[in-house]
Amino acid sequence: MLRFFEIAEAGIGIHNPLSETKLMQIGAIADRIVGLGPETRQLDLACGEGEMLCRFAQEYGSQGVGVDISPVFIDGANRRAEALAVGSRVTFVQGDAAVYQPEPVYDVVSCIGATWIGGETTGTLALMKPALRDPRRGLLLLGEVFWRDEPDEAARVAMGLEPGYCPTLGGLLDRFDAAGVEMVEMVAANTDDWDAYQTPRWWTGHRWLEEHPDDPDADAFREWLEAGKRDYLLYERRCLGWAVFALKVRG
Ligand SMILES: C[S@@+](CC[C@H](N)C(=O)[O-])C[C@H]1O[C@@H](n2cnc3c(N)ncnc32)[C@H](O)[C@@H]1O
């Protein structure tokens, strides 16, 4: 599965339904809350190709460490840091964020669109919180899916999703409460953001299959691509919401 994402998404930069404008809006929120600058440190778990850390380093001079399990995406992150001339401010580590043991030295800790690393929302927040230098002052940024329009049983089964796959926005608020954090801002994806994230992989995938017809994973990749396209068009495009939540640890 990881390989399929590496094929379909390598080089896209932001691996989520998040426009560049909204990414920088999140930077502005973080700046307002903790004051981003050369002394600020951010840890980004499941950082993908490091776009968030690189852009914040470029805009605010902040420092960052990104952890991702994919060597392909870590390579992309290092190339991006070089291209933006922020290589001295950001470091990318290839590894499993679920077992990464960060020092408690960070002002911002983020996990944008990969909450499975801690089981789900609550478990991932439990992974993130200990990395904050000062939990009362620091900021958590969590990118998470939620049901915008909860699918009926048949649609959920057609998507191959478990009953508790994701909560509604109200359910997410309950999870945040249970995890001892308060939502203080959010930046949500709209349908254009979803389309901009989902649809380029169809052409990328099509082209890769033409170029690699004998790859041992070609058939499985084609199936994955087609099933994903169908699920997206029939259900997810209507039902699935996604947002980055700015969260403060409750005192
Ligand atoms: C949806 S992408 C989000 C990437 C990045 N946060 C972004 O917004 O561009 C999910 C990322 O999680 C990474 N990933 C999946 N499981 C992981 C794990 N156990 N530890 C670290 N990274 C993981 C994938 O390689 C991928 O880069």
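Numbering of ligands and ligand atoms starts at 1, following listing order.
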Review point. Does the pair Arg79/Glu82 count as a salt bridge with the N-to-O cut at 4.0 Å?
Key: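 Between Glu82 and Arg79 there is no salt bridge, as every charged N stays at least 4.0 Å from the carboxylate O atoms.
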Exercise for review: Step by step, work out the ring-ring contact (aromatic ring centres under 6.0 Å, His included) result for Trp224 and Phe5.
Suggested key: CA-CA 10 Å; Trp224 175 83; Phe5 279 101; 5.1 Å; yes
Exercise for review: For Pro130, enumerate each residue passing the side-chain contact (heavy atoms from CB on, under 4.5 Å) test, keeping only those at least two apart in sequence or located in another chain.
Suggested key: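 Pro130 satisfies side-chain contact (heavy atoms from CB on, under 4.5 Å) with no other residue.
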Check your understanding: In chain order, what residues pass the side-chain contact (heavy atoms from CB on, under 4.5 Å) check against Ser110, with sequence neighbours excluded?
Key ->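 If we apply the side-chain contact (heavy atoms from CB on, under 4.5 Å) test to Ser110, skipping adjacent residues, the hits are Gln42, Asp44, Met52, Ile112, Leu141.
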Check your understanding: Tell me, which residues have any heavy atom less than 4.0 Å from some atom of ligand 1?
Key ->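 The answer is Leu2, Gly13, Ile14, His15, Asn16, Ala46, Cys47, Gly48, Asp68, Ile69, Ser70, Phe73, Gly95, Asp96, Ala97, Ile112, Gly113, Ala114, Trp116, Ile117, counting any residue whose heavy atom sits under 4.0 Å from ligand 1.
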Point to revise | Side-chain donor/acceptor of Trp202 to backbone N/O of Lys229, under 3.5 Å | key: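 Between the backbone of Lys229 and the side chain of Trp202 there is no qualifying donor-acceptor contact (under 3.5 Å).
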Review point. Can you list every side-chain hydrogen bond (donor to acceptor under 3.5 Å, both in side chains) pair that touches residues 161-189, not counting sequence neighbours?
Key: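 Sorted result for residues 161-189: Arg32-Glu185, Thr121-Arg175, Asp177-Arg250.
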